Undergrad: 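Can you read through this structure? Questions will come right after.
Proteins get letters first, then strands, A, B, ... in listed order; numbering begins at 1 in each. On a predicted model such as this, the values are computed, not experimentally measured, just so you know. In what follows, every heavy atom counts, from backbone to side chain, and hydrogens, waters and symmetry copies are set aside.
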2 protein chains.
Amino acid sequence: MVNAEPDSKSRLRLWLRLLKTSRGIEATLRERLRVEFSSTLPRFDVMAALMRHEEGLRMSELSGVLKVSNGNVTGIIERLVEDDMVERVAVKGDRRATKVRLTKGGKIHFAKLAEAHEAWIDELLNAFAAEDADYLSAQLQTVEDQTYD
Amino acid sequence: MVNAEPDSKSRLRLWLRLLKTSRGIEATLRERLRVEFSSTLPRFDVMAALMRHEEGLRMSELSGVLKVSNGNVTGIIERLVEDDMVERVAVKGDRRATKVRLTKGGKIHFAKLAEAHEAWIDELLNAFAAEDADYLSAQLQTVEDQTYD
DNA sequence: GAAATTTATTTCAAGTATAAAATATTTAAG
DNA sequence: CTTAAATATTTTATACTTGAAATAAATTTC
């Protein structure tokens, strides 16, 4: 028995499924961050990146890590600074650059967000046993090298 | 041999991988829609939904299908109407409602977008044979029921 | 070492996105 | 019928996002 359907159809279905799944999870995370912490996913992403870099990151490094535009990061950082979650630090030797890092309060706040976040993901993806999750991650990893920016 | 790492870590890694993969593909699609068609992903999504409903959709049906807010759809439709891709049609019997549907030009334009879109996905996901893609889709499907809005 | 180029960041214009408030209309209740 | 409640949509305020232009500072070139 031959299958008349081209592979492209299966790939298209996979893409639509991938999109639906990730958008669904994202929507749930957004909602919970908003309701339970008056926060947002972009703020969470920025703080997570800064958490992994105690010493701080330049604005351009941050936008590189998060793969978003410079101007975008400027705006999010502005609001995080207003809320005393993040502080700007001058870079000695280069007056064009600024480093940003979490404040003490920012670290404390993020720890709470991160704990809740991990629990939410654990709940939303509980259909996957650890082995299945690892296998799926590996499968998805293979796409990575395909995507060029 | 026991594994000290809790399942939640595997699930978190899966989520981060899922997010990275879909954002990567989305970024590529956005870029190509912009460069090759001066269009955007939200416009594509709206037009795709309208293509599947020849007779048109109410604004609220459209936001339901796309899972985005009413106000959001209002804005996207406004711009599509300006470009003569979409037209508003009065709903007889209910003066509150409006149906929107693709114009003839909108259908012609969307056909080009859709063809390019499918080819891009086929290229970006070529690492997956049809069977692998179908299997992955099925795996991801299991998450669906977990996500509540 | 002054001029040209590159680099780091912000500003800007336009589009996307949400939740909440406002409008307009229809339906239900009394 | 007339008020109250529900429904469909738009408007508003705020945040996020991008690419491109502007600004400022550092580096390279002649």
Undergrad: Test of understanding: clusters of I, L, V, M, F, W, Y form through side-chain heavy atoms closer than 4.5 Å, transitively. Do A:Leu16 and B:Tyr135 belong to the same one?
TA: no

Undergrad: Looking only at the side chain of A:Asp94 (C-beta and beyond, no hydrogens), which of the listed nucleotides C:dT26, C:dA8, D:dC16 gets closest?
TA: C:dA8

Undergrad: Thinking salt bridges, do A:Glu31 and A:Arg34 make one under a 4.0 Å N-O criterion?
TA: yes

Undergrad: Which value, rounded to the nearest 0.5 Å, describes the distance between B:Asn126 atom CG and B:Ile121 atom CD1?
TA: 11.5 Å

Undergrad: Going by side chain to side chain donor-acceptor pair (under 3.5 Å), name the residues that satisfy it together with A:Asn72, two or more places apart in sequence or in a different chain.
TA: none

Undergrad: Can you tell me if B:Thr74 touches the phosphate of D:dT10, counting only side-chain N or O atoms and a distance under 4.0 Å to OP1 or OP2?
TA: yes

Undergrad: Check this one for me: any side-chain N or O of B:Arg43 less than 4.0 Å away from OP1 or OP2 of C:dA14?
TA: no

Undergrad: Is there a side chain to side chain contact (heavy atoms under 4.5 Å, CB included) between A:Thr98 and A:Val91? Walk through the geometry before answering.
TA: CA-CA 6 Å; A:Thr98 329; A:Val91 173; 5.6 Å; no

Undergrad: Calculate the interatomic distance between B:Ile77 atom CD1 and C:dT16 atom C1'; express it in whole Å.
TA: 14 Å

Undergrad: Quick one: A:Met59 CE to D:dA24 P, roughly how many Å, whole number?
TA: 17 Å

Undergrad: I need the single residue from A:Asp83, A:Ile77, A:Val86, A:Leu33 that forms a side-chain contact (heavy atoms from CB on, under 4.5 Å) with A:Arg43. Which is it?
TA: A:Asp83

Undergrad: Please report, rounded to the nearest Å, how far the C1' atom of D:dT12 is from the CD atom of B:Glu78.
TA: 13 Å

Undergrad: Whole Å only: how far is the CG atom of B:Leu29 from the P atom of D:dT17?
TA: 18 Å

Undergrad: For a quick test of reading the model: is some side-chain N or O of A:Ser60 closer than 4.0 Å to OP1 or OP2 of C:dA8?
TA: no

Undergrad: So which protein nitrogen or oxygen atoms get under 3.5 Å of nucleotides 17-20 of chain C's nitrogens or oxygens?
TA:
residue : atom : partner : partner atom : Å
C:dA17  : O5'  : B:Asn72 : ND2          : 3.2
C:dT18  : OP2  : B:Ser69 : N            : 2.6
C:dT18  : OP2  : B:Ser69 : OG           : 3.1
C:dT18  : OP2  : B:Asn72 : ND2          : 3.3

Undergrad: Round to a whole Å and report the spacing from CG of B:Leu62 to C1' of D:dA8.
TA: 13 Å

Undergrad: Side chains of A:Ser8 and B:Glu118: donor-acceptor distance under 3.5 Å anywhere?
TA: yes

Undergrad: Nearest to the A:Arg95 side chain among C:dT9, C:dT26, D:dA25, which nucleotide is it?
TA: D:dA25

Undergrad: Nearest whole Å is fine: how far is D:dT7 P from B:Glu61 CD?
TA: 15 Å

Undergrad: Please state how far atom CG in B:Leu33 lies from atom P in C:dT16, giving the value in whole angstrom units.
TA: 11 Å

Undergrad: So, A:Arg101 and A:Glu55, do they make that salt bridge, N to O below 4.0 Å?
TA: no

Undergrad: Check this for me: does any side-chain nitrogen of one of A:Lys112 and A:Glu36 sit under 4.0 Å from a carboxylate oxygen of the other?
TA: no

Undergrad: Take nucleotides 1-7 of chain C nucleotide by nucleotide from the 5' end and write B, S or -, depending on whether a protein heavy atom sits under 4.0 Å from the base, only from the sugar-phosphate, or from neither.
TA: ------B

Undergrad: Take atom CG of A:Leu80 and atom C1' of D:dC16, then tell me their distance rounded to the nearest Å.
TA: 13 Å

